[in-house]
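Bear in mind that the values here come from a model prediction, so they are computed numbers and not experimental data.
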Amino acid sequence: MNANIKRRLFIKGSVAAGTLGAAAGAGLLTPQTVLAKWSESAFHAKSSATALKNLLGSDAAEESSAIKIKAPDIAENGAVVPVSVTSSIPGTESISILSTGNQTPLIFNAKLGPGAKGFVSTRIKMGKTGDVVAIVKANGKLYKASKAVKVTIGGCGG
Amino acid sequence: MAKSSIKIRAKEKGGVTTVKTLITHPMETGLRKNKKTGKLIPAHFIEEVTCEAGGKKVFVAEMSGGVSKNPYLSFKFTGAGKGDEIKLSWVDNKGGSDSATAKIR
């Protein structure tokens, strides 16, 4: 219930940027600000494009070879898939990890503060075989890289 | 005192501090069913992990239920030296939280 209201407010806020008052007051006009609040509309989005738009303001990302994804080719257990992303793009601000096969593709978004290196490593769940996509935001632009991971046992269902 | 849910290792080498951490958390997506009752298990996952060093936020990770149970997280940053303290804290979607500090070695 509460979540829905928040989402409404968020949409309102992002569409009508002029009406800053209400949205900013509710602390919801923050998806693009570094070190902002958890972005519910992005993490609950059912498609990668929507998730990225809600999180970073755009889903137009350029392929980049400066992003390296380390993940297994075949994940025997989809519940635990180790993923490391290294970005050598200067001025990397954030690294997001998505799994295209998941019901809610956006899994992880790391916001890098001053001094943080373009590197993050974690373990994710993958519902089924799909691509692990890394989106890097640097200097206001988005870059991406992806890697196909075959999942033999899904990690999201029962 | 209850055992901390966070384990941290922070190591400095050549000016770069590598932080590795393990957090004990169920990370329920809210999409999984309880096999016995057939009911959905309510979502319970960490939304945000924050790392502070020297009073500054150096790294913030936002997560969804798509991160594995007992999340592992590793990252690197510069600007801290051996003996400095880092603080790591997390908040989950039910308002639960925990924090821990560690010295960089």
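You'll find the side chain of B:I8 reaches within 4.5 Å of the side chain of B:I86, heavy atoms only. Contact annotation: the side chain of B:L88 approaches that of B:C51 to within less than 4.5 Å [non-hydrogen atoms, C-beta and beyond]. Counting heavy atoms from C-beta outward, A:L55 and B:E62 have side chains that approach closer than 4.5 Å. Looking at heavy atoms from C-beta onward, A:K144 lies in side-chain contact with A:E63 at the 4.5 angstrom threshold. Within the 4.5 Å cutoff, side-chain heavy atoms of A:L56 are placed close to those of A:S96. Counting only heavy atoms from C-beta outward, the side chains of A:K117 and A:T92 never approach each other to under 4.5 Å.
Heavy-atom distances place the backbone of A:V81, and not its side chain, under 4.5 Å from chain B.
Of the listed residues (B:K69, B:M63, B:K56), the one with the most heavy-atom contacts under 4.5 Å to chain A is B:M63. With respect to chain B, the highest number of heavy-atom pairs below 4.5 Å among A:I124, A:L106, A:T122, A:N109 belongs to A:N109.
Pairs passing the ring pair (Phe, Tyr, Trp, His ring centres under 6.0 Å) check and including a residue from residues 12-57 of chain B, sequence neighbours excluded, read A:W38-B:F45, B:H25-B:H44, B:H25-B:W90.
For A:K70, the side chain to side chain contact (heavy atoms under 4.5 Å, CB included) partners two or more places apart in sequence, or in a different chain, are A:S84.
If you chain together hydrophobic residues whose side chains sit under 4.5 Å apart, B:V49 and B:Y72 never meet in one group.
Judged purely by atom type and a 3.5 angstrom limit, A:T129 uses its side chain to pair as donor or acceptor with the backbone of A:V151. With hydrogens and angles disregarded, no donor-acceptor distance shorter than 3.5 Å links the side chain of B:T29 to the backbone of B:G66.
Contacts between residues 10-22 of chain B and chain A, defined by a heavy-atom separation under 4.5 Å, are made by B:V16, B:L22. Near-neighbour residues of residues 73-82 of chain B relative to chain A, defined by a heavy atom under 4.5 Å from a heavy atom of that chain, comprise B:L73, B:S74, B:F75, B:K76, B:F77, B:T78.
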